[in-house]
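It should be emphasised that the depicted structure is a prediction, and the values quoted were computed from it without experimental measurement.
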Amino acid sequence: MLSKCDLDNDYDNNLLRREVVFESFCRARANGDKNVYYIDGASLFRGKYQNMCTVDSCHPNDIGFALMADAIEAELDRAFTQGLF
């Protein structure tokens, strides 16, 4: 599960959406699903390229998609390394 990447745009609603995704992840894990993972999208567009990740302060551009892919790849690598698949 990946929460929304850009929390700066419509912060309050996006924070609520993030909480719903995280709670769904926690509920799935609590019910025994060990093959569900959570990536906190709020951390993806931070740092050096923070102001260069979207085309309109909402939709990812090439840099934003690359950062998303890096985060997803790292989580998949962790899952495959742990032999969960």
Atom pair OH/OG of Tyr38 and Ser24 - distance to nearest 0.5 Å: 10.0 Å

From SG (Cys5) to CZ (Arg46), nearest 0.5 Å: 10.0 Å

ILVMFWY cluster, [X] and [Y] together (side-chain gap under 4.5 Å):
| X | Y | result |
| --- | --- | --- |
| Leu2 | Ile63 | yes |
| Met68 | Tyr49 | yes |
| Val36 | Val21 | yes |
| Phe22 | Ile72 | no |

Of the non-hydrogen atoms in [X] and [Y], which two are nearest, and what is the gap between them?
| X | Y | result |
| --- | --- | --- |
| Ser3 | Gly41 | OG-N, 2.8 Å |
| Lys34 | Arg29 | O-NH1, 2.8 Å |
| Glu75 | Ile39 | CB-CD1, 3.8 Å |
| Tyr37 | Arg78 | CD2-NH2, 3.2 Å |

Arg18 and Asp40 ion-paired at < 4.0 Å: yes

Phe45 and Met52: CA distance, side-chain angles, deciding distance, side chain to side chain contact (heavy atoms under 4.5 Å, CB included) verdict: CA-CA 9 Å; Phe45 293 171; Met52 296 183 243; over 6 Å; no

Whether over 12 other heavy atoms sit under 6.0 Å from Asp62 CG: no

Asp77 side chain vs Glu73 backbone, donor-acceptor pair below 3.5 Å: no

